[in-house]
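Below is one structure, written out as structure tokens, with a few remarks after it.
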Amino acid sequence: MKVLIATDGTMDPLAAAEAAARLAGADGEITVFTVIEIPRRLLTDLRAVYGEPSEPAPIDQSIETAGHTTPRPHLSFDWPGDDALLNRYIDDQTTSRTEMIVTALADRGVTAEPVAVESEDAVVEILRFATEGRYDVILIGTHGQGRFDGLLGSTSTKLIRKAHCSVMTIRS
């Protein structure tokens, strides 16, 4: 059986590992999946730390159109580049969200692959990944915030309604 554990890092790793190992069985496959949203201000905040202005110059003050009358912004020599910085952020988030579940599974003798994607919509990405990978079941944590969860549409509730496969919730 193919089991997809969808986590935002708050799922109880021991409960998730126990349920996933039981469902997958000896010949099953387990993937620990997380969706990482890049906060819109992340690069702005990081550039401020490294000395680059957060807003580009207005078009009439642009270096290309107005000559060098406006001082050209510069990055410090320590600036690793936007792509490298975002990749490091994604790697760090992937590790922090999946490592405890992967370790709990390893302690049970089960191997699991951690996978992360960058997106603004966790439900869409979980459904896409589960469908493309032909998973048999999705395990997801639920916080049980109260009677309005179903009405407002938590991630687990949306997955239960839309998934092509079974969805099992783990109380966090």
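On a predicted model such as this, the values are computed, not experimentally measured, just so you know. What you see below is based on every heavy atom in this structure, not just the backbone, and it leaves out hydrogens, waters and symmetry mates.
- Shown here are the side chain to side chain contact (heavy atoms under 4.5 Å, CB included) partners of Ala15, two or more places apart in sequence or in another chain: Asp12, Ile170.
- Under the side-chain hydrogen bond (donor to acceptor under 3.5 Å, both in side chains) criterion, Thr95 pairs with no residue, sequence neighbours left out.
- Scanning for salt bridge (Lys or Arg N to Asp or Glu O under 4.0 Å) contacts around Glu18 gives Arg22, Arg108, with sequence neighbours left out.
- Here salt bridge (Lys or Arg N to Asp or Glu O under 4.0 Å) pairs that include residues 127-138, with residues two or more places apart or in two chains, are Glu125-Arg128, Arg128-Glu132.
- Cluster partners of Val124: none. The rule joins Ile, Leu, Val, Met, Phe, Trp and Tyr whenever side-chain heavy atoms lie under 4.5 Å apart, and it links nothing here.
- The backbone N or O of Gly133 sits less than 3.5 Å from a side-chain atom of Lys2, completing a donor-acceptor pair.
- Closest non-hydrogen pair, Val167 versus Leu159, comes out as CG2-O, 3.7 Å.
- In this view, Asp8 and Thr10 satisfy the side-chain hydrogen bond (donor to acceptor under 3.5 Å, both in side chains) rule, not counting sequence neighbours.
- With sequence neighbours excluded, the residues that form a side chain to side chain contact (heavy atoms under 4.5 Å, CB included) with Leu105 are Ile5, Ala17, Ala20, Ala21, Ile30, Val32, Ile101, Val110, Ala112.
- Listed by first then second residue, pairs satisfying ring-ring contact (aromatic ring centres under 6.0 Å, His included) with a partner in residues 113-137 read Phe33-Phe129, Phe129-Tyr135, not counting sequence neighbours.
- Nearest approach of Leu14 to Ala104, heavy atoms of both residues: CD2-CB, 4.1 Å.
- Listed by first and then second residue, the salt bridge (Lys or Arg N to Asp or Glu O under 4.0 Å) pairs involving residues 94-104 amount to none (not counting sequence neighbours).
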